[in-house]
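Below is one structure, written out as structure tokens, with a few remarks after it.
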Amino acid sequence: MSIYRGHIGILGGGQLGRMLALAGIPLALRFRFLDPAPDAPASDVGELICAAYDDPAALATFGEGLDLVTYEFENVPAAAVAQLAPQLPVFPPPRALETAQDRLFEKQLFQACDIPVPPYAAVSTAEELQQAVNRIGTPALLKTRRFGYDGKGQVPVNHPSEAEAAWQQVQNVPCLYEQRVAFEREVSVLAARSRTGEIAIYPLVENIHRNGILFISRAPAPNAQHLQEQAAAYAQRVLEALDYVGLLAIEFFVVDNQLLANEMAPRVHNSGHWTIEGAETSQFAQHLRAVLGLPLGSTRARGHVAMINILGTIPAIEQLLALPGTHVHLYRKAPRAGRKLGHVTVRADSVDEREAAVEAVLKILEQ
Ligand code: AMP
């Protein structure tokens, strides 16, 4: 395929799809999205096929004339990928998608790659949950194996007496019972592997969550140089184990200065939005390079960077834009409590300057 005529299909038309297309347009790539929402944010930057992901006729129309298919969220039904995969290259590989859709498979992959994880047990009955509580203790979290994100599908179990109510709350679906670890902080690594096998790894990112939703990312993560090599080795093992192509994010807890893997996302990730202005190559451009088999770009951070999510309501944009070194991204989504509506990136030459900029942004977001 000549990249000069590259036509890329993306399953999902949310903000991640929108930012992928924005990164691909400078390379003259064209984009088609499949999304059930008629006003999907990506429809501004490519053709939108508005249909359910499991609609066979829509999938056939979606696939027509494309060079390859990728996706921008991990709950794409396996059946959609199964229909497209025989006729088109699908990246990241379907196995990565299946693994990331199930917290148990994900943990098993980490363990197979010799990556430490918090103590956990798979539970599918009330009796198994009781055994897990006895073995792992409390505090813990009961997490549904599938369809959990941003803290959804998670119930805290702070005392053994709460286990039964937690089981009712998740409505008897297969779960993981996972020890609540007293982490020092949360970090993530973004890594890419190209169709050629080339690998590129970004500096670690430190993430701060609010109500289970990512709020602030700082990159490079402060005082994390000693964790970088370990994170890079772990990411490389996962990329190679899955014969992965594209951008991958892995989230970790830092406990006693060691990394414990929490989960992975087989796609561009919110903790990588800082790379648009803050790295030599954005995660979106990197993902496109990887799936097209092009040389990967430098992952070097351009100074000290932070990304702050705009959640729930649209702040005073003029005030944000008036701050020097501040970049505002809006996804054209309707405000709703906790919803990711956009993000703000600040880039500075020193940590102090970056922190002052973060403070100034937070003041505007919180007024
Ligand atoms: P997740 O959906 O697994 O990414 O969880 C969302 C957030 O809940 C994480 O970013 C953590 O802040 C918190 N969390 C999840 N699992 C654990 C755990 N085992 N111990 C402590 N906090 C956790």
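Values reported hereafter were calculated over all heavy atoms of this structure, with side chains retained and with hydrogens, waters and symmetry mates removed. In listed order, ligands and their atoms are each counted from 1.
The distance from ligand 1 to the heavy atoms of Glu186 drops below 4.0 Å at these ligand atoms: 9 (C), 10 (O), 11 (C), 12 (O). In summary, the atoms of ligand 1 found under 4.0 Å from a heavy atom of Glu178, numbered by their order in the structure, are 16 (N), 17 (C), 18 (C), 19 (N). For ligand 1 and Asn262, the ligand atoms under 4.0 Å from any heavy atom of the residue are 1 (P), 3 (O), 4 (O). Near Leu141, the atoms of ligand 1 lying under 4.0 angstrom from a non-hydrogen atom of the residue are 14 (N), 15 (C), 16 (N), 17 (C), 18 (C), 23 (C). Here is the list of ligand 1 atoms found below 4.0 Å of a heavy atom in Phe183: 12 (O), 21 (C), 22 (N).
With side-chain heavy atoms closer than 4.5 Å counting as contact, directly or through intermediates, Phe105 stands alone and belongs to no larger hydrophobic cluster.
Side-chain atoms of Glu178 and Lys107, non-hydrogen and from C-beta on, do get closer than 4.5 Å to each other.
Phe253 counts as a contact of ligand 1, since one of its heavy atoms falls under 4.0 Å from the ligand.
Residue Gly212 has no N or O atom closer than 3.5 Å to an N or O atom of ligand 1. Checking only distances, Gln179 does come within under 3.5 Å of ligand 1, N or O to N or O. Close N/O approach between Arg180 and ligand 1 is not found [any backbone or side-chain N/O within under 3.5 Å].
In terms of modelled atom types and a separation under 3.5 Å, the side chain of Gln228 and the main chain of Tyr202 share a donor-acceptor contact. One N or O on the side chain of Gln286 and one on the backbone of Gly297 form a donor-acceptor pair closer than 3.5 Å.
Below 30°, between 30° and 60°, or above 60°: for Phe253 and Phe183 the angle between ring planes is below 30°, a parallel geometry.
The side chain of His209, and not its backbone, has at least one atom closer than 4.0 Å to an atom of ligand 1 (non-hydrogen atoms only; side chain from C-beta on). Of the heavy atoms in Arg210, none comes closer than 4.0 Å to ligand 1.
For Arg95 and Asp243, the salt-bridge test fails: no basic side-chain N is under 4.0 Å from an acidic carboxylate O. With respect to Glu206 and Arg185, a salt bridge is recorded, a charged nitrogen being found less than 4.0 Å from a carboxylate O. The pair Arg267-Glu74 meets the salt-bridge criterion, since a charged nitrogen lies less than 4.0 angstrom from a carboxylate oxygen.
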